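These values consider heavy atoms only, across backbone and side chains, with no hydrogens, waters or symmetry-generated copies. Residue numbering restarts at 1 for every chain, and letters A, B, ... go by the order of the sequence lines. Model, not experiment: these values are computed from the prediction.
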Amino acid sequence: MTVRVRFAPSPTGYLHVGGARSALFNWLFARKMGGKFLLRIEDTDQTRYNESALHDLIRDLKWLGLDWDEGPEIGGPHVPYYQSRRLELYKRHSDLLLSKGAAYRCFCTSERLDELRRRQEEQKLPPGYDRHCRDMDVTESDRRAAAGEHHVVRLKAPMSGRTVFRDLVRGDIEYQNHVLDDLVLLKTDGFPTYHLANVVDDHEMEITHVLRGDEWIPSTPRHVLLYEAFGWEPPVFCHLPVILAPGGGKLSKRKGAASVGDYREKGILPHALFNFLALLGWSPGDEREKMTQQELVDSFSLERIMPKSAAFDETKLEWLNGQYLIESSVEALLPEVRRMLEERGLGADVAARPEMLERHVRLLKDRSKRIAELVDTGLYFWRDPDSYDEKAVAKHWQPQTPDLLRRLLPDLETVAWDAASLESLYRSKVETEGIKFAELIHPTRLAVSGLPFGPGLFELLEALDRHTVVARIQTALGRLGG
RNA sequence: GCCCCCAUCGUCUAGAGGCCUAGGACAGCGGGUUUUCAGUCCGUCAGCAGGGGUUCGAAUCCCCUUGGGGGUGCCA
């Protein structure tokens, strides 16, 4: 049997890292098993639908490196892959259950249900629908429906006994049927609820394994009941642990970035995020930390998914990203760096000096953890420093510094402009002045970049041209005193 | 409240009853190195939530407690 899995997001906002991780695990499993990975859009909530969210979702999935075998943009044997365009199918299935007596119409108003919930809460009773319409006479139900009275369709769930299902990461999970109420299948507006649409589609699309977030566990027994009502075999369930914020608790914007797009803006590479996410709640069983997409596919298995929820450790992500940055070629990073520089208003400069872009990236990529960091700590490649790091000034801008630099200036005007020549110039200067290397090195870096850290000084000087270096030293002499 | 799930260093994890004096990675701390470190190398600290069982033997199996998470919608 071919494995068929799906990622079925609701396009209501940005792609959360939790959702991305679910998509990733489904993808890994499909690729590992030689199966199919489908993307299905669950847009059944009219009130929350958001067009741009769908666009962003698809863009972010692709950016992460995921591709689907069936779904939006490419179609497949079960088109359409948008639930909002499959309404008839759900209606037909709802009618089927109705005619079987496995579901019933409920004419209760939302006011009545609100009141009911309020009373249950007040009396500390377990909340849930009281099955008011469950035993309504079918002819009356038909008559009221025919008269156009608003209603929903509910599943007639068993009131005793128990429902057990097997979860691949946790084993058997059991629910007493009496704690499960009669869930809504079809809403007043004729749209299906998640539950109906999801079950019908998973069956129609021949989904074999449902890998989804932990938060769906409580719905699963109801889904199993639905499968039974239809007389269908349920798929294998596998609930993925949730991802928590660094300090514990729900991951949110407040507690650091939460969406794939946010990490892209911070300059995390897609492969690094992919790698990191794969290792959250799953491990290959050995001590590998940095793994290629192919290695992840090859060693992936559902059995090694952890049941425990995992905190999203951004620091470790950045470390991993730094590793990918070191490994990455300069060329591969150029487009993204260019984009970020453009965003910072340096588009014209970048266009005018492509060779500077190459130097910027080459000199900084191995010492940065994120692309945005690489960009922001290298702005001196593009414009004169507008301030000088205070601590560094206090430490390295000594009383004798200005004179030293002034005596260096003429040599800088004439020395051959390459790192090796610059270094020997500095070495000999140190010699003749009878000073320490650091006394010349640090002030130069400070004057030229405004920062106390960065790439090797002589490579940096070489990258900036002679004019710029001399001018910046003169500016610093003016601004820092001397 | 009720239902369900979970529990190894601060964090991600290895661990399938004896290979565990519990291994690795990130972070932290300490040192080396380089002209700088927000780079790099080396070293180091740190954990089986608590209590009962089962067993010759428990991080591993069972029960309870505690703690954390999720669900309890005509949201998904």
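In this structure, the nucleotide among B:U36, B:C74, B:C4 sitting nearest to the side chain of A:Val152 is B:C74. In the set B:U13, B:A76, B:U35, the nucleotide with an atom closest to the side chain of A:Leu457 is B:U35. Listed nucleotides: B:A38, B:C5, B:G69. Nearest to the side chain of A:Arg170: B:C5. If you check B:C4, B:A76, B:U36 against the side chain of A:Arg445, the one that comes closest is B:U36.
To the nearest whole angstrom, the two C1' atoms, one in B:G24 and one in B:C62, are 31 Å apart.
Rounded to whole Å, the distance from NE2 on A:His195 to P on B:C75 is 9 Å. Between A:Asn177 atom CG and B:C2 atom P there is a gap of 20 Å when expressed in whole angstrom units. When rounded to the nearest whole Å, the span between CZ of A:Arg222 and P of B:A76 equals 14 Å. If you measure from atom CZ of A:Phe312 to atom P of B:G69, you get 19 Å, rounded to the nearest angstrom. Rounded to whole angstrom, the span from the CG atom of A:Leu422 across to the P atom of B:U35 amounts to 16 Å. In this structure, A:Trp216 places its CH2 atom 13 Å from C1' of B:U72, rounding to the nearest Å. The distance from atom CZ of A:Arg112 to atom P of B:C74 is 12 Å, rounded to the nearest whole Å. To the nearest angstrom, P of B:U72 lies 21 Å from CZ of A:Arg119.
Pair check for B:A16 finds none; no Watson-Crick or G-U wobble contact set falls under 3.5 Å. In this structure, B:U35 makes no Watson-Crick or G-U wobble pair, since no nucleotide meets both defining distances under 3.5 angstrom.
Stacking of A:Lys316 on the aromatic ring of A:Phe276 is not recorded, the 6.0 Å distance cut-off and the 45° axial limit not both being met.
The neighbour count for A:Lys429 NZ, taken as heavy atoms of other residues, nucleotides or ligands under 6.0 Å away, is above 12.
Using a 4.0 Å cut-off between charged side-chain N and carboxylate O, A:Arg344 and A:Asp376 make a salt bridge. For the pair A:Arg118 and A:Asp114, the salt-bridge criterion is not met [side-chain N within less than 4.0 Å of a carboxylate O]. Salt bridge annotation for A:Lys156-A:Asp182: absent, with no cationic side-chain nitrogen under 4.0 angstrom from a carboxylate oxygen. A salt bridge between A:Arg427 and A:Glu423 is present, with a side-chain N of the basic residue lying under 4.0 Å from a carboxylate O of the acidic one. Checked for salt-bridge contact, A:Glu295 and A:Lys290 miss the test: no charged N lies under 4.0 Å from a carboxylate O.
Not one side-chain nitrogen or oxygen of A:Thr444 sits closer than 4.0 Å to the OP1 or OP2 atom of B:U35. A close approach under 4.0 Å does not occur between any side-chain nitrogen or oxygen of A:Lys308 and OP1 or OP2 of B:G67. Close to B:C74, at under 4.0 Å from its OP1 or OP2, lies no side-chain N or O of A:Ser110. In terms of phosphate contacts, A:Arg370 brings no side-chain nitrogen or oxygen within less than 4.0 Å of OP1 or OP2 of B:A38.
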Can you check nucleotides 24-27 of chain B for protein contacts, nitrogen or oxygen pairs under 3.5 Å, and list what you find?
residue: B:G24; atom: O4'; partner: A:Glu287; partner atom: OE2; Å: 3.0
residue: B:G24; atom: N2; partner: A:Glu289; partner atom: OE2; Å: 3.3
residue: B:A25; atom: O4'; partner: A:Glu289; partner atom: OE2; Å: 3.2
residue: B:A25; atom: N3; partner: A:Lys316; partner atom: NZ; Å: 3.0

N/O to N/O distances under 3.5 Å, protein versus nucleotides 60-64 of chain B:
none

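Between A:His209 and the choices A:Phe29, A:Phe37, A:Phe7, the ring-ring contact (aromatic ring centres under 6.0 Å, His included) rule is met once, by A:Phe29.
Across all strands shown, A:Thr188 has heavy atoms under 4.0 Å from base atoms, whether or not it also approaches the sugar-phosphate. Using a 4.0 Å heavy-atom cutoff across all strands shown, A:Arg212 reaches no nucleic acid atom at all.
Between A:Tyr175 and A:Phe165, the two ring planes are parallel [angle under 30°; tilted spans 30° to 60°]. Between A:Phe300 and A:Phe25, the ring-plane angle classifies as perpendicular under the 30° and 60° cut-offs.
A donor N or O paired with an acceptor N or O is not found under 3.5 Å between the base of B:C74 and the side-chain atoms of A:Thr193.
Residues A:Tyr104 and A:Leu155 form no side-chain contact, since every pair of their non-hydrogen atoms from C-beta on lies 4.5 Å or further apart.
Residue order along RNA chain B, read from the 5' end via each residue's closest nucleotide, puts A:Ser309 first among A:Ile441 and A:Ser309.
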